[in-house]
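Structure record follows, encoded as structure tokens.
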Amino acid sequence: VQGVRIEINADPATLPWTVQDTIPATDPQELLFVDAAAGTQHYRATVIDDAGAEGAPVETSVDVPFDPPGQVSELTATIE
């Protein structure tokens, strides 16, 4: 095995997949995503052998919650 290609997509029905990284077979098979956009993120992993042949992709999705900012702690209005 040469490695695993990781792709990401926000809406597979309308958008193309984007290659995020290819993890070499010699590395731990993990990839950390930081600051992912809120909403459902779709991921696809495809094993690539030494000859460049690709296995069947495996897909999963993760819901990234949207945490709204806190409320205004004080608001003062003045009319002059």
Looking only at heavy atoms, which two atoms of [X] and [Y] are closest? And how far apart?
| X | Y | answer |
| --- | --- | --- |
| Ala10 | His42 | O-CD2, 3.7 Å |
| Tyr43 | Trp17 | C-CZ3, 3.8 Å |
| Pro65 | Ala38 | O-CB, 4.0 Å |

State which residues pass side chain to side chain donor-acceptor pair (under 3.5 Å) with Asp50; sequence neighbours excluded, sorted by chain then number.
none

Do Val4 and Val19 sit in one hydrophobic cluster, given that two such residues count as connected whenever their side-chain heavy atoms are within less than 4.5 Å of each other, even indirectly?
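Per the 4.5 Å side-chain linkage, Val4 and Val19 are not co-clustered.
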
Hphob cluster co-occupancy, Ile6 + Ile48, side-chain heavy atoms under 4.5 angstrom
no

side-chain contact (heavy atoms from CB on, under 4.5 Å) between Arg44 and Asn9, worked out
CA-CA 8 Å; Arg44 181 165 72 181; Asn9 192 316; over 6 Å; no

Asp49 side chain to Ala51 main-chain N or O, any donor-acceptor pair under 3.5 Å?
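Judged by distance alone, yes, a pair lies under 3.5 Å.
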
Donor-acceptor contact present, side-chain Asp11 to main-chain Leu15, <3.5 Å:
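Not at all, since once roles are kept as given, no pair shorter than 3.5 Å links the two residues.
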
Can you list every side chain to side chain donor-acceptor pair (under 3.5 Å) pair that touches residues 53-66, not counting sequence neighbours?
Arg5-Glu54, Thr40-Asp63

Would you say that Gln2 contacts Thr22 through its side chain, given a criterion of any heavy-atom pair below 4.5 Å between the two side chains?
no

